[in-house]
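The structure presented is a predicted model; accordingly, all values stated were derived computationally and were not measured.
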Amino acid sequence: MNLEYTHKPNYFLAAQLLIRYVQTKVQKTQSNEIEIAFQDLTKVFQGDFASSSTNLESILNIADEYKVETISGDQRIIERYDIDSEEKHLHIFVYPQAGQALLDGKDLINPDASSYE
C-alpha cells in the first residue's frame with residue numbers, strides 16, 4: 001500500500017514568515033519578548049495548522065539560524081524560545097543587540113538552505 005502525502009510542508013517559507021512576524025512585532029512593540037498564541041501562529045503560517053503544531057519545532061530550528069547585522073558582527077535574532085502547550089502560546093526571546101538592530105532597520109541574514117537535509 002502506497003500512501004500519498006496531501007501536505008508537503010515548506011519549513012523554510014514558514015521560518016521566513018515567522019521571522020518577519022518577529023521583526024514586525026519587535027519594531028511595533030520595541031520589546032525583546034514576544035508571545036504568540038497558537039491561533040495567531042496559524043494566521044502567520046497562512047492557515048497551515050500543521051506548522052503551528054506538529055511542525056513547529058522544525059520551523060523554530062530553522063528560524064533560530066536567522067541573523068541580523070549589528071555593530072559587533074552578525075547576531076542571531078532568537079535567543080531562546082519556549083513552547084507552552086498548556087496555555088497554547090509560543091514565547092520568543094530576542095537578543096537585545098539583535099532587537100536594536102531590527103529597530104534600526106538592519107538587514108536580515110537568511111540561513112543557508114543548502115546546508116540542511
Look up atom [atom1] in [X] and atom [atom2] in [Y], then write down how far apart they are to the nearest 0.5 Å.
X	Y	atom1	atom2	answer
Ser52	Phe38	OG	CZ	7.5 Å
Lys25	Glu33	NZ	CD	13.5 Å
Gln30	Gln100	CD	CD	8.5 Å
Gln75	Lys106	CD	NZ	14.0 Å
Ile34	Ile92	CD1	CD1	6.0 Å
Thr29	Asn32	OG1	CG	8.5 Å

(request) List the steps, then state whether side chain to side chain contact (heavy atoms under 4.5 Å, CB included) holds for Ile109 with Val68. (result) CA-CA 6 Å; Ile109 301 168; Val68 66; over 6 Å; no

Contact summary for [X] and [Y], nearest pair of heavy atoms:
X	Y	answer
Ser31	Val26	O-CG2, 3.6 Å
Ala101	Glu69	CB-O, 3.3 Å
Ala15	Ile62	CB-CG2, 3.6 Å
Tyr95	Glu79	CE1-CA, 3.4 Å

(request) Give the intermediate values and the outcome of side chain to side chain contact (heavy atoms under 4.5 Å, CB included) for residues Ile59 and Leu17. (result) CA-CA 10 Å; Ile59 292 165; Leu17 292 171; over 6 Å; no

So do the side chains of [X] and [Y] get within less than 4.5 Å of each other, counting heavy atoms only?
X	Y	value
Leu102	Leu108	yes
Leu41	Ser51	no
Phe45	Asn10	no
His89	Ile36	no
Asp40	Lys43	yes
Leu90	Asp84	no

(message) Under a plain distance cut-off of 3.5 Å, with no hydrogens placed, do Glu57 and Tyr81 share a side-chain donor-acceptor pair?
(response) yes

(message) Arg76 vs Tyr66, test: side chain to side chain contact (heavy atoms under 4.5 Å, CB included). Steps then yes/no.
(response) CA-CA 6 Å; Arg76 283 187 175 185; Tyr66 276 80; over 6 Å; no

(message) Do Tyr21 and Ile83 land in one hydrophobic cluster if side-chain heavy atoms of ILVMFWY residues count as linked below 4.5 Å?
(response) yes

(message) If hydrophobic clusters are built from ILVMFWY residues whose side chains come within less than 4.5 Å, do Leu103 and Phe93 share one?
(response) no

(message) Looking at Thr70 and Gly73, would you say the former's side chain and the latter's main chain have a donor-acceptor pair under 3.5 Å?
(response) yes

(message) If you count heavy atoms of other groups shown closer than 6.0 angstrom to CD of Gln27, is the number above 12?
(response) yes

(message) Show, in sequence, the C-alpha distance, side-chain angles and deciding distance for Ile19 and Ile77, and conclude whether the side chain to side chain contact (heavy atoms under 4.5 Å, CB included) test is met.
(response) CA-CA 9 Å; Ile19 284 296; Ile77 296 171; 4.3 Å; yes

